[in-house]
Amino acid sequence: MPTAPTGYDPTLGEKFIFVTGGVMSGLGKGITAASTGRLLANAGFDVTAVKIDPYLNVDAGTMNPFQHGEVYVLKDGAEVDLDLGNYERFLDIDMTSDHNVTTGKTYQHVIEKERAGDYLGNTVQIIPHVTDDIKRRIREAAAGHDVCIVEVGGTVGDIEGMPFLEALRQFVHEQDDDDFLLTHVTLVPYSKNGEQKTKPTQHSVKELRSIGLQPDVLVGRCEDHLDPETKEKIALFCDVPTDAVFSNPDVEDVYHVPLTVEEEGLDEYVMGRLGLADRVIPKAERDNRWRDLVTQETRGEVEVALVGKYALEDAYLSIHEALKHAGLERGVEVDVQWVDAEEMSPDHERRLRGADAVIVPGGFGVRGTDGKLEAIRYAREEGVPFLGLCLGFQLAVVEFARNVSGLTGANSSEFAEGTPHPVIDLLPEQYHVEDMGGTMRLGAYETTVEPGTLAAELYGGNCVERHRHRYEVNPEYIDRLESDGLVFSGRVNNRMETLELPEHPYFLGTQFHPEFRSRPGRASPPFLGLLDAVLDRAEVTA
Ligand code: GLN
């Protein structure tokens, strides 16, 4: 068993790892940062994270998933960037709104204070008022944790990021040398003749230095490992020791990144620099569960059709991850096939019918609902394992109302205000909501699960899951739908949270989003159930 002390040591105080990105966005800076955190957690430290998003939006709630990827929901109902999902999954922690710092949030707070007269007549400025607020937020989120990873979104040099980098510059002076480390993640491309090029890295470090920041660690994203000469060149031009330059090569799955950066000793270097070396759990005694889980052999493949609006994987990232977790737990590979709900071409129709299971994810707006309804009908009638999430749950109610209960024209009032049968209707507390940001039914609530149902079998009792919706099952239709065979197995008072069809091999809908609580090693029950249903079926038909 690990013998080294774990958890927060107040005599040491919090240590900070800032992570910036250079050259271009989308390099996987968040995954690099989260992987570093995973390794420190394996070594016995209590790690948390802060994601800085330098956009003017107060939060990600109003953002289009096609531009930004999915909106991730935290337990306190904060609607945040999908990177926070990566931190929750890699570190196995629950974060809160305070762990996502945006320009919008910071400015809103500073301006509100100014209006309240809190600045006592002073001119309110980016330096020091905004930068002070940024530093305060970071310190508060880190309090009580050994290590706080602070990822600055965007790329060094962006105008939006400047106040945050200036706050970092001040931070460096306010902390002891071994309490703070700056990791810069950049791109090392290959030239046509197969040479690893360091010039983009040199330029982005120059940019950092021009604002007074010197990186301590450089991580080069490259197709392959960095050559020793490449590392030496980066070290020379960027003023860091050669052993502070690390490779982060392409890997088949993001969950392998902690393993590849560990091979080069990134974790040991970081712990050494932060003065943590004497508190570290010896390598041989560290928690290896992550490695064991992600490197196991798989015994087959399951194909899942995801019937959605967006081809972009990031738009449904947590669903992809939850399926991966379930696959890891059952030792199978999960191949997700995107089926375009808006234009069900013969090719997409084939994908739907060729899959072992069907998922209809969450969503907003009428586009694609006909395709989703068709997919639900197919899964219900053909006995194909089905999971409907949020909008997918609501559309399963609509489909059942129309095709089983015979309620012609049944719909959600989100899509057809004048529908004769609004089986899905606006939540009463939403009637007078005008603001679009942060006003849905958001965050974690407990659902009472009816014993003896599929939901009870999956969860083993009541469950707490995260929500993000404005509409719900119209209570006036519950008796009618239930008398026709639909079972609402999970509820909060007269709010329907889960549905199922007892005669079907696996037909589950959830008003909540179970994908947000799924973790490697702790897969979400509805996703595990879906895979089990597929595997049971395969055994029966084999
Ligand atoms: N549009 C639906 C609602 O607001 C479903 C939301 C979702 O899928 N997250 O209730």
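As a basis for the values below, the full set of heavy atoms in this structure was taken, side chains included, without hydrogen atoms, waters or symmetry mates. Both counts, for ligands and for their atoms, begin at 1 and track the order of listing.
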*Asks:* Could you give the distance from CD1 (Ile31) to CG (Asn248), rounded to the nearest 0.5 Å?
*Replies:*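 If I round to the nearest 0.5 Å, the distance is 9.5 Å.
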
*Asks:* What protein heavy atom is closest to atom 3 (C) of ligand 1, reported as residue, atom name and distance in Å?
*Replies:*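 I find the closest protein heavy atom is Arg470 N, 3.5 Å.
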
*Asks:* Looking at atom 8 (O) of ligand 1, what's its closest protein heavy atom, distance included?
*Replies:*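 Minimum-distance protein heavy atom for atom 8 (O) of ligand 1 reads Gly363 N, 2.9 Å.
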
*Asks:* Does the Lys NZ or Arg CZ of Lys324 fall within the cation-pi geometry relative to Tyr255 - under 6.0 Å from the ring centre and within 45° of the axis?
*Replies:* yes

*Asks:* Over 60° means perpendicular and under 30° means parallel, so classify the ring planes of His469 and His467, tilted if in between.
*Replies:*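 Tilted: the ring planes of His467 and His469 meet at 30° to 60°.
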
*Asks:* Give yes or no for whether the N/O distance cutoff of 3.5 Å, strictly under, is met between Met440 and ligand 1.
*Replies:* no

*Asks:* So is Glu472 close enough to ligand 1, meaning a heavy atom under 4.0 angstrom away?
*Replies:*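 So Glu472 does not count as touching ligand 1.
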
*Asks:* Heavy-atom contacts with His513 under 4.0 Å: which atoms of ligand 1 show up? List them by number with element.
*Replies:*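 Going through ligand 1 atom by atom, the ones under 4.0 Å from His513 are 9 (N).
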
*Asks:* Parallel, tilted or perpendicular: which describes the rings of Tyr316 and Tyr310, with under 30° parallel and over 60° perpendicular?
*Replies:* tilted

*Asks:* Out of all atoms in ligand 1, which are within 4.0 Å of some heavy atom of Gly362? Include the element for each.
*Replies:*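 Counting from 1, the qualifying ligand atoms are 8 (O).
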
*Asks:* So which heavy atom in the protein is nearest atom 7 (C) of ligand 1, and how far is it from that ligand atom?
*Replies:* Cys390 SG, 3.0 Å

*Asks:* Minimum heavy-atom separation for Arg89 and Ser518, please, with both atom names.
*Replies:* CG-O, 3.7 Å

*Asks:* How far is atom 9 (N) of ligand 1 from its nearest protein heavy atom, and which residue and atom is that?
*Replies:*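 Of every protein heavy atom, Arg468 O, 2.9 Å lies nearest to atom 9 (N) of ligand 1.
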
*Asks:* Hey, which atoms in ligand 1 end up nearer than 4.0 Å to a heavy atom of Glu414?
*Replies:*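 By the 4.0 Å cutoff, the relevant atoms are 1 (N), 2 (C), 3 (C).
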
*Asks:* Look at atom CD of Gln296 and say whether more than 12 heavy atoms of other residues, nucleotides or ligands are closer to it than 6.0 Å.
*Replies:*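 Correct, the count exceeds 12.
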
*Asks:* Keeping the roles fixed (side chain from Arg38, backbone from Pro258), state whether a donor-acceptor pair exists under 3.5 Å.
*Replies:*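 Answer holds: no.
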
